[in-house]
Number of protein chains: 2
Amino acid sequence: MKPAQATEQDFADLLARHDVQVTRQRLEVLRELAVEPNDATAQTLWKRLRERSGATIGLATVYRTLSLLSEKRVVDTLAHNEGELCYRLCGETHHHHLVCANCHRVIEIDEQGLSDWLERVFAKHDFLATAHTVELTGLCSDCRK
Amino acid sequence: MKPAQATEQDFADLLARHDVQVTRQRLEVLRELAVEPNDATAQTLWKRLRERSGATIGLATVYRTLSLLSEKRVVDTLAHNEGELCYRLCGETHHHHLVCANCHRVIEIDEQGLSDWLERVFAKHDFLATAHTVELTGLCSDCRK
DNA sequence: GTGATAACGAGAATCATTCTCACCGCAATC
DNA sequence: GATTGCGGTGAGAATGATTCTCGTTATCAC
Ligand SMILES: [Zn+2]
Ligand SMILES: [Zn+2]
Ligand SMILES: [Zn+2]
Ligand SMILES: [Zn+2]
């Protein structure tokens with residue numbers, strides 16, 4: 001779904017599959033997310049949408065859309081930016097993120113091994129697991145040169 | 001250090017050990033953190049400090065102090081509150097947090113096993129690790145009854 | 001003590017996010 | 001074809017946590 005060459009129909013299907021009504025604005029937000037290889041803030045996406053196509057879309061609509069899409073598990077939110085959220089159109093299976101502190105490159109992590117550890121910790125403290133966030137930050141090889 | 005019966009001298013030592021100058025306000029913030037078993041926001045701590053001893057301490061000072069203490073690794077910050085940070089006076093060794101989504105009980109996690117996984121992931125993608133956040137959320141046994 | 005420096009307090013400023021509300025688009029109904 | 005219902009939208013105001021400013025004050029080495 002990430003590929004930038006996804007068609008409008010692909011996006012409409014994606015929304016429908018997650019019980020989200022299709023609107024022009026929601027499609028535009030998705031299209032903008034799809035061409036972003038890393039992540040982007042609501043503010044950034046809004047500015048791009050305005051500039052790119054002179055599209056008339058409200059800031060509040062961008063926030064509403066992202067928050068809805070996040071709730072419906074269509075996009076992921078990353079919190080590595082301290083003070084504002086970032087959004088990303090990711091793969092559909094559960095994963096975590098590895099972010100370069102310098103160039104903000106985002107890599108999806110789906111390694112095995114973590115879930116065992118998680119399960120053990122929740123069990124040991126007699127907690128019923130409801131959520132977890134794991135965010136890894138580092139310097140990618142390009143940024144170390 | 002967490003025990004609420006820590007003396008003023010203990011707090012002064014703690015600050016000195018982390019290269020933080022001792023002031024009345026910083027001691028008051030520490031004392032307030034020490035009697036909080038879980039975590040607290042800057043706003044909350046400020047209100048308590050004002051009410052408790054009618055202490056005259058500025059909100060900006062509470063923010064400055066917490067941010068300094070966090071930078072100097074005297075307190076931990078938790079981000080599970082979406083929109084504001086929580087602070088906690090924790091143990092001095094590296095650990096993570098398990099938080100009850102209902103009663104906000106905080107448990108420090110120092111299980112082994114995670115760091116191996118982390119190292120492997122960073123290495124596999126040729127990243128130089130600089131930081132990581134792991135926050136587990138669940139329901140504690142009391143809150144499931 | 002004295003002076004240099006760092007910390008404070010109060011209130012203003014910032015800035016991401018959310019709220020309000022009048023208006024619009026679309027679909028089902030008359 | 002007009003009407004009505006309703007969720008979605010846009011613009012701007014409101015919110016609220018955090019940071020900044022600046023005149024004042026505490027701290028510390030000498
Ligand atoms: Zn996971
Ligand atoms: Zn990089
Ligand atoms: Zn760790
Ligand atoms: Zn609980």
Side-chain angles (χ1 to χ4, degrees), chain A residues 8 11-12 15-16 18-32 39-72 74-75 77-88 104, chain B residues 8-9 11-16 18-32 39-72 74-75 77-88:
Chain A
E8 190 122 323
F11 292 133
L15 290 177
H18 289 264
D19 292 315
V20 177
Q21 190 172 318
V22 176
T23 71
R24 172 179 65 82
Q25 290 84 346
R26 288 171 186 173
L27 288 174
E28 281 179 5
V29 169
L30 274 184
R31 198 185 315 144
E32 198 60 46
D39 57 9
T41 65
Q43 304 273 347
T44 301
L45 289 169
W46 177 65
K47 279 178 203 128
R48 286 188 193 160
L49 284 169
R50 297 231 122 184
E51 288 167 7
R52 191 175 306 266
S53 53
T56 156
I57 186 170
L59 178 59
T61 300
V62 173
Y63 273 101
R64 273 187 296 236
T65 299
L66 289 170
S67 142
L68 176 67
L69 293 182
S70 168
E71 183 193 330
K72 297 291 189 172
V74 180
V75 303
T77 67
L78 315 225
H80 60 94
N81 242 17
E82 191 71 32
E84 68 189 319
L85 288 175
C86 291
Y87 296 87
R88 185 166 195 274
H104 287 197
Chain B
E8 190 122 324
Q9 189 57 51
F11 292 134
D13 289 347
L14 178 61
L15 290 177
H18 289 263
D19 293 313
V20 176
Q21 189 173 317
V22 176
T23 70
R24 173 179 64 81
Q25 290 85 346
R26 288 170 185 174
L27 288 173
E28 280 178 6
V29 168
L30 275 183
R31 197 186 314 141
E32 197 59 46
D39 57 9
T41 65
Q43 303 275 346
T44 302
L45 288 169
W46 176 64
K47 279 180 203 126
R48 286 189 194 160
L49 283 168
R50 298 233 122 183
E51 288 169 4
R52 191 175 307 265
S53 52
T56 156
I57 186 171
L59 177 59
T61 300
V62 174
Y63 273 101
R64 273 187 295 237
T65 300
L66 290 171
S67 142
L68 175 68
L69 293 182
S70 168
E71 183 192 332
K72 298 290 189 174
V74 179
V75 303
T77 66
L78 315 225
H80 60 91
N81 243 16
E82 191 72 31
E84 69 189 319
L85 288 175
C86 291
Y87 295 88
R88 185 166 195 274

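Side-chain atoms are counted along with the backbone in the values below, which use heavy atoms only and exclude waters and symmetry mates. Order of the sequence lines sets the chain letters (A, B, ...), proteins ahead of strands, with each chain counted from 1.
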request  = Please work out if A:L85 contacts a base, only the sugar-phosphate, or nothing of the nucleic acid, heavy-atom cut-off 4.0 Å.
outcome  = sugar-phosphate
inquiry  = Does a side-chain N or O of A:Y63 approach OP1 or OP2 of C:dT18 to a distance below 4.0 Å, or not?
reply    = no
ask   = Atom CD of B:Q25 to atom P of C:dA7: distance rounded to whole Å?
value = 11 Å
task = Output the single nucleotide from D:dT18, C:dG9, D:dG10 whose closest atom is nearest the side chain of A:I57.
result = D:dG10
ask   = Does the side chain of B:R50 get closer than 4.0 angstrom to OP1 or OP2 of C:dA10 through an N or O atom?
value = yes
inquiry  = Nearest to the side chain of B:E84, heavy atoms from C-beta on, is which of D:dT18, C:dT17, D:dT9?
reply    = D:dT18
query = For B:L66, does its backbone N or O pair with a side-chain atom of B:S70 as donor and acceptor, under 3.5 Å?
reply = no
Closest listed nucleotide, where the reference is the side chain of B:Q21 and the choices are D:dT18, D:dG10, D:dT27 = D:dT27
key: Donor-acceptor contact below 3.5 Å, side chain A:H18 vs main chain A:V74   = no
ask   = Between atom NZ in B:K47 and atom P in D:dG16, what is the gap in whole Å?
value = 10 Å
message = Within the 3.5 Å criterion, strictly below it, is a donor on B:S67 or B:R64 matched to an acceptor on the partner's side chain?
response = no
ask   = Is the backbone of B:Q21 close enough, under 3.5 Å, to the side chain of B:R26 for a donor and an acceptor to pair up by distance?
value = yes
key: C:dG25 phosphate, OP1 or OP2, under 4.0 Å from A:T23 side-chain N/O   = no
ask   = NA contact type, B:R26, heavy-atom cut-off 4.0 Å: base, sugar-phosphate, or nothing?
value = sugar-phosphate
